There are 2 protein chains.
Amino acid sequence: MADNSTVLTQIDTKKRILDAAERLFARNGFQGTSMRAITGEAKANLAAVNYHFGTKEALLEAVFERRLVPLNKTRTDRLEAVRDSARSEARRPSARDVLRAFIEPTIAFAVSKEGAGDFPTLIGRAIIDPDDAVRKIFLRHVGPVFHLLIDALREALPELSAHALFWRVHFTIGAMGHTCHIRTMAETMQTTGKPHGLPDGVAAACDAEAMTEMLMNFVSAGMEA
Amino acid sequence: MADNSTVLTQIDTKKRILDAAERLFARNGFQGTSMRAITGEAKANLAAVNYHFGTKEALLEAVFERRLVPLNKTRTDRLEAVRDSARSEARRPSARDVLRAFIEPTIAFAVSKEGAGDFPTLIGRAIIDPDDAVRKIFLRHVGPVFHLLIDALREALPELSAHALFWRVHFTIGAMGHTCHIRTMAETMQTTGKPHGLPDGVAAACDAEAMTEMLMNFVSAGMEA
DNA sequence: GTCTATAGATTGATAGAC
DNA sequence: GTCTATCAATCTATAGAC
(Lines give C-alpha, C1' and ligand atoms only; values in the text may rest on other atoms or scores of the structure.)
Protein backbone atom coordinates (compact mmCIF):
# COMPACT_ATOMS: atom_id res chain seq x y z
CA MET A 1 0.00 0.00 0.00
CA ALA A 2 1.36 3.36 -1.02
CA ASP A 3 2.10 5.96 1.60
CA ASN A 4 0.26 9.25 1.67
CA SER A 5 2.89 11.33 -0.04
CA THR A 6 2.91 9.06 -3.09
CA VAL A 7 -0.88 9.11 -3.42
CA LEU A 8 -0.97 12.85 -3.03
CA THR A 9 1.69 13.33 -5.68
CA GLN A 10 -0.23 11.14 -8.10
CA ILE A 11 -3.47 12.98 -7.56
CA ASP A 12 -1.72 16.30 -7.82
CA THR A 13 -0.08 15.37 -11.11
CA LYS A 14 -3.38 14.33 -12.62
CA LYS A 15 -5.05 17.49 -11.40
CA ARG A 16 -2.19 19.71 -12.55
CA ILE A 17 -2.39 18.17 -16.02
CA LEU A 18 -6.16 18.65 -16.12
CA ASP A 19 -5.81 22.27 -15.02
CA ALA A 20 -3.08 23.02 -17.54
CA ALA A 21 -4.97 21.29 -20.35
CA GLU A 22 -8.16 23.15 -19.52
CA ARG A 23 -6.33 26.43 -19.59
CA LEU A 24 -4.40 25.80 -22.79
CA PHE A 25 -7.24 24.15 -24.70
CA ALA A 26 -9.38 27.16 -23.82
CA ARG A 27 -6.76 29.69 -24.87
CA ASN A 28 -5.15 28.04 -27.89
CA GLY A 29 -7.60 25.43 -29.06
CA PHE A 30 -7.25 21.66 -29.15
CA GLN A 31 -5.07 21.44 -32.23
CA GLY A 32 -3.13 24.49 -31.13
CA THR A 33 -2.06 22.88 -27.87
CA SER A 34 0.73 20.30 -27.79
CA MET A 35 1.21 17.73 -25.07
CA ARG A 36 4.60 19.30 -24.42
CA ALA A 37 2.95 22.64 -23.72
CA ILE A 38 0.56 20.94 -21.30
CA THR A 39 3.18 18.98 -19.39
CA GLY A 40 5.45 21.99 -19.39
CA GLU A 41 2.86 24.16 -17.73
CA ALA A 42 1.78 21.35 -15.39
CA LYS A 43 5.40 20.67 -14.42
CA ALA A 44 4.83 17.03 -15.27
CA ASN A 45 6.67 14.62 -17.49
CA LEU A 46 5.60 14.29 -21.11
CA ALA A 47 4.81 10.60 -20.69
CA ALA A 48 2.55 11.32 -17.71
CA VAL A 49 -0.30 12.37 -19.96
CA ASN A 50 -0.38 9.06 -21.77
CA TYR A 51 0.08 7.18 -18.51
CA HIS A 52 -2.84 8.90 -16.78
CA PHE A 53 -5.22 9.50 -19.66
CA GLY A 54 -4.13 7.35 -22.60
CA THR A 55 -4.33 9.80 -25.50
CA LYS A 56 -4.60 13.51 -26.07
CA GLU A 57 -8.22 13.08 -27.09
CA ALA A 58 -8.99 11.13 -23.93
CA LEU A 59 -7.44 13.99 -21.96
CA LEU A 60 -9.81 16.40 -23.66
CA GLU A 61 -12.69 14.12 -22.75
CA ALA A 62 -11.54 14.13 -19.11
CA VAL A 63 -11.28 17.92 -19.10
CA PHE A 64 -14.85 18.20 -20.34
CA GLU A 65 -16.21 15.53 -18.03
CA ARG A 66 -14.79 17.02 -14.85
CA ARG A 67 -16.74 20.25 -15.29
CA LEU A 68 -19.60 19.31 -17.55
CA VAL A 69 -21.15 16.62 -15.39
CA PRO A 70 -21.85 18.92 -12.42
CA LEU A 71 -22.62 21.91 -14.67
CA ASN A 72 -25.13 19.93 -16.70
CA LYS A 73 -26.74 18.66 -13.51
CA THR A 74 -27.23 22.25 -12.38
CA ARG A 75 -28.59 23.39 -15.74
CA THR A 76 -30.91 20.39 -16.02
CA ASP A 77 -32.24 20.89 -12.49
CA ARG A 78 -32.87 24.57 -13.07
CA LEU A 79 -34.53 24.05 -16.44
CA GLU A 80 -36.83 21.39 -14.99
CA ALA A 81 -37.57 23.57 -11.99
CA VAL A 82 -38.73 26.34 -14.32
CA ARG A 83 -40.96 23.91 -16.21
CA ASP A 84 -42.37 22.30 -13.05
CA SER A 85 -43.04 25.63 -11.43
CA ALA A 86 -44.95 26.83 -14.46
CA ARG A 87 -46.85 23.57 -14.77
CA SER A 88 -47.96 23.56 -11.15
CA GLU A 89 -49.34 27.05 -11.63
CA ALA A 90 -51.01 26.08 -14.91
CA ARG A 91 -49.15 28.71 -16.91
CA ARG A 92 -46.45 28.81 -19.54
CA PRO A 93 -42.86 29.31 -18.38
CA SER A 94 -41.41 32.66 -19.38
CA ALA A 95 -38.69 32.61 -22.02
CA ARG A 96 -36.60 34.81 -19.76
CA ASP A 97 -36.73 32.31 -16.90
CA VAL A 98 -35.82 29.47 -19.23
CA LEU A 99 -32.88 31.38 -20.68
CA ARG A 100 -31.69 32.39 -17.24
CA ALA A 101 -31.79 28.79 -16.07
CA PHE A 102 -29.45 27.88 -18.89
CA ILE A 103 -27.17 30.90 -19.12
CA GLU A 104 -26.63 31.86 -15.50
CA PRO A 105 -24.97 28.63 -14.34
CA THR A 106 -22.85 28.56 -17.48
CA ILE A 107 -21.28 31.95 -16.95
CA ALA A 108 -21.37 31.81 -13.16
CA PHE A 109 -18.97 28.89 -13.44
CA ALA A 110 -16.30 31.51 -14.07
CA VAL A 111 -16.41 32.71 -10.48
CA SER A 112 -17.15 29.38 -8.80
CA LYS A 113 -15.23 28.19 -5.76
CA GLU A 114 -13.73 25.49 -7.95
CA GLY A 115 -11.64 28.16 -9.60
CA ALA A 116 -12.70 26.87 -12.99
CA GLY A 117 -11.90 30.21 -14.55
CA ASP A 118 -10.95 28.86 -17.93
CA PHE A 119 -13.74 26.39 -18.42
CA PRO A 120 -16.42 28.79 -19.59
CA THR A 121 -13.97 29.90 -22.24
CA LEU A 122 -13.45 26.27 -23.19
CA ILE A 123 -17.22 25.89 -23.52
CA GLY A 124 -17.28 28.97 -25.71
CA ARG A 125 -14.57 27.46 -27.85
CA ALA A 126 -16.10 23.99 -27.97
CA ILE A 127 -19.34 25.39 -29.34
CA ILE A 128 -17.56 26.70 -32.36
CA ASP A 129 -14.39 24.58 -32.63
CA PRO A 130 -14.31 22.90 -36.04
CA ASP A 131 -12.25 19.97 -34.81
CA ASP A 132 -14.33 16.83 -35.03
CA ALA A 133 -12.97 15.37 -31.80
CA VAL A 134 -13.88 18.49 -29.86
CA ARG A 135 -17.35 18.75 -31.34
CA LYS A 136 -18.10 15.05 -30.93
CA ILE A 137 -17.16 14.97 -27.25
CA PHE A 138 -18.87 18.24 -26.50
CA LEU A 139 -22.12 17.34 -28.24
CA ARG A 140 -22.30 14.00 -26.46
CA HIS A 141 -22.17 15.75 -23.11
CA VAL A 142 -24.23 18.81 -23.86
CA GLY A 143 -26.75 17.35 -26.29
CA PRO A 144 -29.39 16.32 -23.72
CA VAL A 145 -29.29 19.69 -21.94
CA PHE A 146 -29.52 21.47 -25.25
CA HIS A 147 -32.55 19.39 -26.14
CA LEU A 148 -34.15 20.24 -22.80
CA LEU A 149 -33.52 23.95 -23.42
CA ILE A 150 -35.28 23.79 -26.78
CA ASP A 151 -38.22 21.89 -25.31
CA ALA A 152 -38.62 24.40 -22.50
CA LEU A 153 -38.45 27.31 -24.95
CA ARG A 154 -41.05 25.62 -27.13
CA GLU A 155 -43.37 25.62 -24.11
CA ALA A 156 -42.55 29.24 -23.37
CA LEU A 157 -43.08 30.42 -26.95
CA PRO A 158 -45.60 28.05 -28.57
CA GLU A 159 -46.56 30.63 -31.20
CA LEU A 160 -42.96 30.67 -32.52
CA SER A 161 -42.30 28.38 -35.49
CA ALA A 162 -39.88 25.52 -34.97
CA HIS A 163 -37.76 27.06 -37.68
CA ALA A 164 -37.49 30.42 -35.96
CA LEU A 165 -36.95 28.83 -32.56
CA PHE A 166 -34.08 26.79 -33.92
CA TRP A 167 -32.25 29.84 -35.18
CA ARG A 168 -32.94 32.00 -32.16
CA VAL A 169 -31.51 29.35 -29.89
CA HIS A 170 -28.41 29.26 -32.03
CA PHE A 171 -28.11 33.04 -31.99
CA THR A 172 -28.27 32.81 -28.21
CA ILE A 173 -25.64 30.09 -28.10
CA GLY A 174 -23.43 32.11 -30.43
CA ALA A 175 -23.73 35.25 -28.35
CA MET A 176 -23.05 33.32 -25.15
CA GLY A 177 -20.10 31.43 -26.59
CA HIS A 178 -18.57 34.57 -28.01
CA THR A 179 -19.03 36.30 -24.67
CA CYS A 180 -17.05 33.60 -22.89
CA HIS A 181 -14.42 33.86 -25.57
CA ILE A 182 -14.11 37.65 -25.46
CA ARG A 183 -13.67 37.44 -21.73
CA THR A 184 -10.43 35.50 -22.12
CA MET A 185 -9.26 37.66 -25.00
CA ALA A 186 -9.77 40.78 -22.91
CA GLU A 187 -7.46 39.39 -20.24
CA THR A 188 -4.62 38.85 -22.68
CA MET A 189 -5.42 42.07 -24.51
CA GLN A 190 -4.28 44.28 -21.68
CA THR A 191 -0.81 44.03 -23.13
CA THR A 192 -1.64 44.10 -26.83
CA GLY A 193 -4.23 46.87 -26.72
CA LYS A 194 -7.87 47.36 -25.89
CA PRO A 195 -10.60 45.58 -27.82
CA HIS A 196 -12.34 47.94 -30.24
CA GLY A 197 -14.85 50.04 -28.40
CA LEU A 198 -14.12 48.80 -24.91
CA PRO A 199 -14.97 51.78 -22.77
CA ASP A 200 -13.76 51.17 -19.20
CA GLY A 201 -11.19 48.99 -17.56
CA VAL A 202 -11.11 45.36 -18.55
CA ALA A 203 -11.96 44.13 -15.09
CA ALA A 204 -15.18 46.13 -14.95
CA ALA A 205 -16.18 45.11 -18.45
CA CYS A 206 -15.69 41.44 -17.68
CA ASP A 207 -17.46 41.26 -14.34
CA ALA A 208 -19.33 37.99 -14.63
CA GLU A 209 -22.54 39.09 -12.99
CA ALA A 210 -22.91 42.31 -14.96
CA MET A 211 -22.02 40.44 -18.14
CA THR A 212 -24.69 37.85 -17.43
CA GLU A 213 -27.33 40.53 -17.00
CA MET A 214 -26.32 42.24 -20.24
CA LEU A 215 -26.49 38.94 -22.06
CA MET A 216 -29.83 38.04 -20.45
CA ASN A 217 -31.38 41.33 -21.55
CA PHE A 218 -30.06 40.94 -25.05
CA VAL A 219 -31.12 37.36 -25.73
CA SER A 220 -34.45 37.65 -23.89
CA ALA A 221 -35.41 40.57 -26.09
CA GLY A 222 -34.24 38.73 -29.18
CA MET A 223 -36.04 35.54 -28.25
CA GLU A 224 -39.36 37.32 -27.65
CA ALA A 225 -39.03 39.68 -30.64
CA MET B 1 7.39 37.11 -72.96
CA ALA B 2 5.31 34.14 -71.87
CA ASP B 3 2.62 32.79 -74.13
CA ASN B 4 -1.03 32.83 -73.10
CA SER B 5 -1.28 29.25 -71.95
CA THR B 6 1.54 29.69 -69.44
CA VAL B 7 0.04 32.86 -67.97
CA LEU B 8 -3.37 31.28 -67.69
CA THR B 9 -1.99 28.22 -65.95
CA GLN B 10 -0.19 30.41 -63.46
CA ILE B 11 -3.27 32.43 -62.65
CA ASP B 12 -5.36 29.31 -62.38
CA THR B 13 -2.94 27.68 -59.98
CA LYS B 14 -2.91 30.71 -57.71
CA LYS B 15 -6.69 30.90 -57.79
CA ARG B 16 -7.11 27.17 -57.18
CA ILE B 17 -4.82 27.40 -54.16
CA LEU B 18 -6.73 30.40 -52.80
CA ASP B 19 -10.05 28.62 -53.30
CA ALA B 20 -8.85 25.43 -51.66
CA ALA B 21 -7.27 27.32 -48.76
CA GLU B 22 -10.42 29.36 -48.22
CA ARG B 23 -12.51 26.23 -48.14
CA LEU B 24 -10.22 24.25 -45.84
CA PHE B 25 -9.37 27.12 -43.47
CA ALA B 26 -13.11 27.73 -43.08
CA ARG B 27 -13.93 24.10 -42.45
CA ASN B 28 -10.96 22.90 -40.43
CA GLY B 29 -9.31 26.02 -39.07
CA PHE B 30 -5.87 27.44 -39.79
CA GLN B 31 -3.92 25.08 -37.59
CA GLY B 32 -6.11 22.19 -38.65
CA THR B 33 -5.26 22.62 -42.33
CA SER B 34 -1.92 21.40 -43.73
CA MET B 35 -0.30 22.74 -46.85
CA ARG B 36 -0.47 19.23 -48.26
CA ALA B 37 -4.22 19.19 -47.80
CA ILE B 38 -4.47 22.51 -49.62
CA THR B 39 -2.30 21.55 -52.58
CA GLY B 40 -3.99 18.17 -52.72
CA GLU B 41 -7.42 19.72 -53.09
CA ALA B 42 -6.11 22.43 -55.44
CA LYS B 43 -4.38 19.81 -57.61
CA ALA B 44 -1.19 21.84 -57.29
CA ASN B 45 2.31 20.96 -56.22
CA LEU B 46 3.25 21.30 -52.57
CA ALA B 47 6.01 23.79 -53.41
CA ALA B 48 3.58 25.99 -55.34
CA VAL B 49 2.22 27.51 -52.15
CA ASN B 50 5.60 28.78 -51.06
CA TYR B 51 6.44 29.89 -54.57
CA HIS B 52 3.26 31.95 -54.98
CA PHE B 53 2.64 33.15 -51.43
CA GLY B 54 5.82 32.66 -49.41
CA THR B 55 4.49 31.14 -46.22
CA LYS B 56 1.32 29.52 -44.92
CA GLU B 57 0.54 32.66 -42.94
CA ALA B 58 0.97 34.85 -46.02
CA LEU B 59 -1.46 32.56 -47.81
CA LEU B 60 -4.00 33.14 -45.06
CA GLU B 61 -3.48 36.87 -45.45
CA ALA B 62 -4.09 36.58 -49.21
CA VAL B 63 -7.28 34.58 -48.61
CA PHE B 64 -8.60 37.29 -46.31
CA GLU B 65 -7.54 40.16 -48.53
CA ARG B 66 -9.19 38.84 -51.69
CA ARG B 67 -12.64 38.92 -50.08
CA LEU B 68 -12.33 41.40 -47.26
CA VAL B 69 -11.27 44.40 -49.32
CA PRO B 70 -14.44 44.50 -51.45
CA LEU B 71 -16.66 43.34 -48.58
CA ASN B 72 -15.36 46.06 -46.28
CA LYS B 73 -15.86 48.62 -49.02
CA THR B 74 -19.52 47.58 -49.25
CA ARG B 75 -20.04 47.61 -45.51
CA THR B 76 -18.30 50.95 -45.08
CA ASP B 77 -20.33 52.53 -47.89
CA ARG B 78 -23.59 51.25 -46.48
CA LEU B 79 -22.80 52.30 -42.93
CA GLU B 80 -21.86 55.80 -44.07
CA ALA B 81 -24.96 55.97 -46.26
CA VAL B 82 -27.12 55.25 -43.21
CA ARG B 83 -25.36 57.97 -41.22
CA ASP B 84 -25.48 60.51 -44.03
CA SER B 85 -29.12 59.83 -44.74
CA ALA B 86 -30.03 60.37 -41.11
CA ARG B 87 -27.87 63.46 -40.84
CA SER B 88 -29.40 65.10 -43.91
CA GLU B 89 -32.84 64.56 -42.38
CA ALA B 90 -31.68 65.83 -39.01
CA ARG B 91 -32.61 62.65 -37.19
CA ARG B 92 -30.81 59.77 -35.55
CA PRO B 93 -30.14 56.65 -37.62
CA SER B 94 -32.16 53.64 -36.50
CA ALA B 95 -30.22 50.83 -34.88
CA ARG B 96 -31.95 48.43 -37.20
CA ASP B 97 -30.70 50.23 -40.31
CA VAL B 98 -27.18 50.34 -38.94
CA LEU B 99 -27.22 46.64 -38.11
CA ARG B 100 -28.63 45.77 -41.50
CA ALA B 101 -25.92 47.78 -43.24
CA PHE B 102 -23.34 45.65 -41.47
CA ILE B 103 -24.97 42.22 -41.38
CA GLU B 104 -26.67 41.99 -44.76
CA PRO B 105 -23.54 42.29 -46.94
CA THR B 106 -21.69 39.91 -44.65
CA ILE B 107 -24.16 37.07 -45.00
CA ALA B 108 -25.18 37.92 -48.55
CA PHE B 109 -21.60 37.14 -49.53
CA ALA B 110 -22.60 33.51 -49.26
CA VAL B 111 -24.75 33.68 -52.36
CA SER B 112 -22.67 36.19 -54.33
CA LYS B 113 -21.79 35.65 -57.98
CA GLU B 114 -18.19 35.19 -56.88
CA GLY B 115 -19.17 31.85 -55.45
CA ALA B 116 -17.45 32.73 -52.21
CA GLY B 117 -19.58 30.21 -50.37
CA ASP B 118 -16.99 29.37 -47.76
CA PHE B 119 -15.82 32.85 -46.93
CA PRO B 120 -18.63 33.82 -44.56
CA THR B 121 -17.79 30.70 -42.62
CA LEU B 122 -14.17 31.77 -42.57
CA ILE B 123 -15.26 35.13 -41.20
CA GLY B 124 -17.29 33.34 -38.57
CA ARG B 125 -14.25 31.31 -37.68
CA ALA B 126 -11.83 34.23 -37.74
CA ILE B 127 -13.92 36.09 -35.18
CA ILE B 128 -13.40 33.32 -32.69
CA ASP B 129 -10.23 31.55 -33.83
CA PRO B 130 -7.73 31.50 -30.97
CA ASP B 131 -4.75 31.45 -33.29
CA ASP B 132 -2.84 34.70 -32.98
CA ALA B 133 -1.99 34.86 -36.68
CA VAL B 134 -5.62 34.53 -37.67
CA ARG B 135 -6.83 37.11 -35.20
CA LYS B 136 -4.08 39.58 -36.00
CA ILE B 137 -4.69 39.51 -39.74
CA PHE B 138 -8.45 39.59 -39.33
CA LEU B 139 -8.47 42.49 -36.89
CA ARG B 140 -6.18 44.55 -39.09
CA HIS B 141 -8.64 44.23 -41.96
CA VAL B 142 -11.89 44.47 -40.07
CA GLY B 143 -10.93 46.87 -37.30
CA PRO B 144 -11.88 50.11 -39.10
CA VAL B 145 -15.28 48.78 -40.18
CA PHE B 146 -15.91 47.53 -36.69
CA HIS B 147 -15.08 50.95 -35.32
CA LEU B 148 -17.47 52.55 -37.79
CA LEU B 149 -20.23 50.15 -36.73
CA ILE B 150 -19.80 51.12 -33.09
CA ASP B 151 -19.78 54.83 -33.91
CA ALA B 152 -22.96 54.52 -35.95
CA LEU B 153 -24.66 52.56 -33.19
CA ARG B 154 -23.60 55.19 -30.68
CA GLU B 155 -25.44 57.75 -32.78
CA ALA B 156 -28.46 55.49 -33.08
CA LEU B 157 -28.62 54.73 -29.35
CA PRO B 158 -27.12 57.70 -27.49
CA GLU B 159 -28.92 56.81 -24.28
CA LEU B 160 -27.10 53.46 -24.12
CA SER B 161 -23.96 53.41 -21.98
CA ALA B 162 -20.67 52.76 -23.74
CA HIS B 163 -20.32 49.70 -21.56
CA ALA B 164 -23.65 48.22 -22.61
CA LEU B 165 -23.07 49.13 -26.24
CA PHE B 166 -19.74 47.34 -26.24
CA TRP B 167 -21.27 44.11 -25.03
CA ARG B 168 -24.33 44.26 -27.24
CA VAL B 169 -22.13 44.69 -30.30
CA HIS B 170 -20.16 41.64 -29.25
CA PHE B 171 -23.33 39.63 -28.67
CA THR B 172 -24.32 40.59 -32.20
CA ILE B 173 -20.95 39.60 -33.61
CA GLY B 174 -21.12 36.32 -31.71
CA ALA B 175 -24.58 35.50 -32.99
CA MET B 176 -23.60 36.40 -36.55
CA GLY B 177 -20.35 34.47 -36.44
CA HIS B 178 -22.02 31.42 -35.00
CA THR B 179 -24.69 31.64 -37.66
CA CYS B 180 -22.09 31.51 -40.42
CA HIS B 181 -20.47 28.61 -38.65
CA ILE B 182 -23.65 26.59 -38.16
CA ARG B 183 -24.41 27.01 -41.83
CA THR B 184 -21.30 25.06 -42.79
CA MET B 185 -21.83 22.50 -40.06
CA ALA B 186 -25.34 21.85 -41.29
CA GLU B 187 -24.02 21.02 -44.75
CA THR B 188 -21.67 18.37 -43.45
CA MET B 189 -24.18 17.19 -40.90
CA GLN B 190 -26.50 15.67 -43.46
CA THR B 191 -24.44 12.52 -43.16
CA THR B 192 -23.73 12.54 -39.43
CA GLY B 193 -27.20 13.55 -38.28
CA LYS B 194 -29.34 16.61 -37.89
CA PRO B 195 -28.33 19.43 -35.55
CA HIS B 196 -30.35 19.39 -32.38
CA GLY B 197 -33.76 20.87 -32.92
CA LEU B 198 -33.42 21.47 -36.64
CA PRO B 199 -37.01 21.19 -37.83
CA ASP B 200 -37.07 21.11 -41.63
CA GLY B 201 -34.66 20.23 -44.37
CA VAL B 202 -31.18 21.65 -44.12
CA ALA B 203 -31.54 23.66 -47.31
CA ALA B 204 -34.61 25.51 -46.06
CA ALA B 205 -33.05 26.20 -42.68
CA CYS B 206 -29.92 27.64 -44.24
CA ASP B 207 -31.48 29.88 -46.87
CA ALA B 208 -29.31 32.97 -46.62
CA GLU B 209 -32.05 35.53 -47.00
CA ALA B 210 -34.39 33.99 -44.44
CA MET B 211 -31.45 33.50 -42.09
CA THR B 212 -30.49 37.15 -42.40
CA GLU B 213 -34.01 38.26 -41.53
CA MET B 214 -34.10 35.98 -38.49
CA LEU B 215 -30.77 37.33 -37.34
CA MET B 216 -31.82 40.93 -38.00
CA ASN B 217 -34.97 40.53 -35.92
CA PHE B 218 -33.04 38.92 -33.11
CA VAL B 219 -30.16 41.39 -32.80
CA SER B 220 -32.31 44.46 -33.47
CA ALA B 221 -34.56 43.52 -30.59
CA GLY B 222 -31.57 42.79 -28.39
CA MET B 223 -29.83 46.01 -29.29
CA GLU B 224 -32.87 48.14 -28.54
CA ALA B 225 -33.89 46.20 -25.41
C1' DG C 1 4.46 6.44 -11.09
C1' DT C 2 8.12 8.93 -13.04
C1' DC C 3 11.73 9.34 -15.95
C1' DT C 4 14.86 9.13 -20.49
C1' DA C 5 15.06 7.97 -24.97
C1' DT C 6 13.14 7.25 -29.14
C1' DA C 7 10.02 5.43 -32.58
C1' DG C 8 7.02 6.76 -36.34
C1' DA C 9 4.41 10.03 -38.57
C1' DT C 10 3.53 14.70 -40.15
C1' DT C 11 4.56 19.27 -40.55
C1' DG C 12 6.31 23.89 -43.08
C1' DA C 13 9.76 25.12 -46.00
C1' DT C 14 13.64 24.78 -49.46
C1' DA C 15 17.21 23.27 -52.99
C1' DG C 16 17.92 22.15 -57.50
C1' DA C 17 16.79 19.69 -61.91
C1' DC C 18 13.85 20.55 -65.77
C1' DG D 1 6.64 27.93 -62.91
C1' DT D 2 6.47 23.19 -61.85
C1' DC D 3 8.36 19.23 -60.24
C1' DT D 4 11.00 15.63 -57.02
C1' DA D 5 13.45 14.97 -53.13
C1' DT D 6 14.57 16.17 -48.78
C1' DC D 7 15.73 18.86 -44.57
C1' DA D 8 14.82 20.14 -39.98
C1' DA D 9 11.51 20.64 -36.68
C1' DT D 10 7.57 19.12 -34.30
C1' DC D 11 4.17 16.14 -32.98
C1' DT D 12 1.74 11.98 -30.43
C1' DA D 13 2.71 7.91 -28.41
C1' DT D 14 5.44 4.11 -26.41
C1' DA D 15 9.21 1.06 -24.60
C1' DG D 16 11.94 0.15 -20.85
C1' DA D 17 15.12 1.52 -16.90
C1' DC D 18 14.55 3.00 -12.24
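Chain A is the first sequence line, chain B the second, and so forth, proteins listed ahead of strands; every chain is numbered from 1. Note that the structure is predicted; figures quoted are calculated from it, not measured.
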Closest to the [X] side chain: [options]?
{"X": "B:N45", "options": "D:dA13, D:dT4, D:dA15", "answer": "D:dT4"}
{"X": "B:M35", "options": "D:dA13, C:dG12, C:dT14", "answer": "C:dG12"}
{"X": "B:K56", "options": "D:dA13, C:dG12, D:dT2", "answer": "C:dG12"}
{"X": "B:R36", "options": "D:dT2, C:dG12, D:dA13", "answer": "C:dG12"}

Between [X] and [Y], does any side-chain N to carboxylate O distance fall below 4.0 Å?
{"X": "B:E213", "Y": "B:R100", "value": "yes"}
{"X": "B:K15", "Y": "B:D19", "value": "yes"}
{"X": "A:R154", "Y": "A:D151", "value": "yes"}

Exercise for the section: Could you check whether A:A47 gets within reach of a base, just the sugar-phosphate, or nothing at all, counting any heavy atom under 4.0 Å? Expected result: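 Base: the residue A:A47, judged by heavy atoms under 4.0 Å, touches a nucleobase.
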Practice task
Look at all strands and tell whether A:T33 reaches a base, only sugar-phosphate, or nothing, counting heavy atoms closer than 4.0 Å.
Solution key: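 Sugar-phosphate: the residue A:T33, judged by heavy atoms under 4.0 Å, touches backbone atoms but no base.
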To the nearest Å, give me how far apart [atom1] ([X]) and [atom2] ([N]) are.
{"X": "A:Q31", "N": "C:dG12", "atom1": "CD", "atom2": "P", "value": "12 Å"}
{"X": "B:Y51", "N": "C:dG16", "atom1": "OH", "atom2": "P", "value": "17 Å"}
{"X": "B:F53", "N": "C:dT14", "atom1": "CZ", "atom2": "P", "value": "15 Å"}
{"X": "B:N50", "N": "D:dC3", "atom1": "CG", "atom2": "P", "value": "14 Å"}
{"X": "B:I17", "N": "C:dA13", "atom1": "CD1", "atom2": "P", "value": "13 Å"}
{"X": "B:K43", "N": "D:dC3", "atom1": "NZ", "atom2": "P", "value": "13 Å"}
{"X": "B:L46", "N": "D:dA5", "atom1": "CG", "atom2": "P", "value": "13 Å"}

Practice task
Look at B:T55 and C:dG12 and indicate whether a side-chain polar atom (N or O) is within less than 4.0 Å of OP1 or OP2.
Solution key: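 Answer is no, no contact under 4.0 Å.
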Exercise for the section: Give a yes/no on whether any side-chain N or O of A:S34 is located under 4.0 angstrom from OP1 or OP2 of D:dC11. Expected result: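 For D:dC11, OP1 or OP2 has a side-chain N or O of A:S34 closer than 4.0 Å.
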Practice task
Verify side chain to side chain contact (heavy atoms under 4.5 Å, CB included) between B:H163 and A:M214, making sure each step is shown before the conclusion.
Solution key: CA-CA 10 Å; B:H163 190 223; A:M214 298 266 181; 3.6 Å; yes
Handout entry: Whether B:F218 and A:F218 hold their rings parallel, tilted or perpendicular, with breakpoints at 30° and 60°
Key =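 Because their plane-to-plane angle is over 60°, the rings of B:F218 and A:F218 count as perpendicular.
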